[in-house]
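Protein chains get the first letters and strands the later ones, always in sequence-line order, with residue 1 at the start of each.
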2 protein chains.
Amino acid sequence: MASMVDGLSINLATIREQCGFAEAVDLCLKHGITSIAPWRDQVARIGIDEAARIIHQNGIKLTGLCRGGFFPAASAADRQSAIDDNRRAIDEAAALGADCLVLVVGGLAGGSKNIEDAREMVRDGIAATLPHARASGVPLAIEPLHPMYAADRSCVNTLGKALDMCETLGEGVGVAIDVYHVWWDPDLAREIARAGREQRILAHHICDWLVPTRDMLTDRGMMGDGVIDLKGIRRMVEVSGFHGAQEVEIFSAENWWKRPADEVIRTCVERFHDCCRI
Amino acid sequence: MASMVDGLSINLATIREQCGFAEAVDLCLKHGITSIAPWRDQVARIGIDEAARIIHQNGIKLTGLCRGGFFPAASAADRQSAIDDNRRAIDEAAALGADCLVLVVGGLAGGSKNIEDAREMVRDGIAATLPHARASGVPLAIEPLHPMYAADRSCVNTLGKALDMCETLGEGVGVAIDVYHVWWDPDLAREIARAGREQRILAHHICDWLVPTRDMLTDRGMMGDGVIDLKGIRRMVEVSGFHGAQEVEIFSAENWWKRPADEVIRTCVERFHDCCRI
């Protein structure tokens, strides 16, 4: 079993409707999986000390903590409170020993139609957060999100622009490459190669794009059920020099969130083996 | 009234649930609008000769005919039949005197996960169609579609890549810039400027991006109800040298398609005046 799951991490959003943090860890361990990525609310519900205890006691590795970000806001006070919250997220990531803090950077500031302004607020927000991240030894992972989330979740919509932002910001920041968000990008091969060359890849998330997609937020597919060339993208990622885990992150209100968690994780393991690993 | 609608065109999809071709034209004329863009099925229902008669008799201008495209397919026979259908669409556009034939180029070929292959099939398909388009005097307008349609509708997802394709293909092909598909693009300003410089802009479509968007296909917003900087984009388009009409194209199953067509068109006129014209 151990070989089946080597290089596999489970983002706990994948079973968030079925399991709390402790049950999710137990289930992963049962399947031989020792890499996970929890969300802050999942950690908060059992308390960070208890989460840290479970992690350390079981030799669990965190491929990331989800999530910081959401920097753009109409008022300076709200932008500051976003920065404060990101600092707390960094503290939590440090306490849990996470490989990175994943940033969903935020969309348009409330009432604004100016996406370039939003991008500037994101740059400024990360810059203000970065000294604390560096001091805490927690890399920040900008996750470029699919353009369909540009208005309300992330104004950084391509890997190329995320990497441009990393260049401006300097050390301590990189990217989380989620196939769901980037698979369509005509510049994907070039930008993954660049991300590797510039040593910016902090995480590689997987799931699949279903046709049709019935909901913009919660209709992600299990690997192999959609149209993404998962092995092709993994090949680009590995050739570029990143050999970290592939982290399964599936939001699926009508399908996987309704199935027993054990079936979900078993399917993740099978599909990881059949469709993702190279 | 005439000045209110100067530079406004109505894509007849906007009232497709309420009106046939003849009623739609009457309604536009009632509002002083003399530019429209019909769909092939709307034309087919009354017959192309009758449609042409109505158009010519009323001095109607067609800012485009929707639509050709859908080139990728698994078999050579299916690819050929797509090319044949595009040739018929060109004949229809010529018969109606349309400014261009809009191409929604198609997504992945059936069963394929290779989006670069699909892009190659699109290039080949347009190349095979282009001699007939040139001979007929009908420019082909590649419409880059939002990346959320990459799998099933269009593997050409940015204005930049559409322009690259135009460069490869040569004369007789350009782009339709629909704000809904391109507003999020960090390279938008640069690529609109390039499109103008290279004289590739054939159409400018407008509507709005709603937050939240409840359906990926049929939840487009009326101008002013969403987050798109419509005047900002129009400014880029005009500065680049295109002064053709702004064509309203709204797919809205739960809202505008359920309202009386007269109310829809009246609202288009008002919002065009308030939110779009510069």
*Asks:* Checking Val211(A) against chain B: side chain, backbone, both or neither under 4.5 Å from a heavy atom?
*Replies:*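 Just the side chain, heavy atoms under 4.5 Å.
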*Asks:* Apply side chain to side chain contact (heavy atoms under 4.5 Å, CB included) to residues Trp209(A) and Asp152(B) and explain how you reach the verdict.
*Replies:* CA-CA 11 Å; Trp209(A) 180 278; Asp152(B) 47 358; 5.8 Å; no
*Asks:* For Glu198(A), does the CD atom sit with more than 12 other heavy atoms under 6.0 Å from it, leaving out its own atoms?
*Replies:*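 Correct, the count exceeds 12.
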*Asks:* Non-hydrogen atoms of chain B under 4.5 Å away: do they reach the side chain of Ile228(A), the backbone, both or neither?
*Replies:*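 Interface part for Ile228(A): backbone (N, CA, C, O).
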*Asks:* For a 4.5 angstrom cut-off between non-hydrogen side-chain atoms, does Lys161(A) reach Asp187(B)?
*Replies:*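 Yes, at least one pair of side-chain atoms sits under 4.5 Å.
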*Asks:* Counting heavy atoms not belonging to Glu270(B), are there more than 12 under 6.0 Å from its CD?
*Replies:* yes
*Asks:* Can you pull out the residues in residues 111-126 of chain B with any heavy atom less than 4.5 Å from chain A?
*Replies:* Lys113(B), Ile115(B), Glu116(B), Arg119(B)
*Asks:* Output the option from Gly232(B), Pro186(B), Ala151(B) having the highest count of non-hydrogen pairs under 4.5 Å with chain A.
*Replies:*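 Winner by heavy-atom pair count: Pro186(B).
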*Asks:* Looking at every heavy atom in both Ala150(B) and Trp183(A), which two are closest together, and how far apart are they?
*Replies:*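 For Ala150(B) versus Trp183(A), the nearest heavy atoms are CB-CH2, 3.7 Å.
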*Asks:* Around Gln199(A), counting heavy atoms of other residues, nucleotides and ligands shown, do more than 12 lie under 6.0 Å from its CD?
*Replies:* no
*Asks:* Check whether Thr213(B) gets within reach of chain A through its side chain, its backbone, both or neither, counting any heavy atom under 4.5 Å.
*Replies:* both
*Asks:* If every non-hydrogen atom of His146(A) is compared with every non-hydrogen atom of Met148(B), which pair is closest and at what distance?
*Replies:*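 Shortest heavy-atom separation between His146(A) and Met148(B) comes out as CE1-N, 3.3 Å.
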*Asks:* Heavy-atom count check: over 12 atoms from other residues, nucleotides or ligands less than 6.0 Å from Arg197(A) CZ?
*Replies:*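 Yes - once you tally the heavy atoms of other residues, nucleotides and ligands closer than 6.0 Å, there are more than 12.
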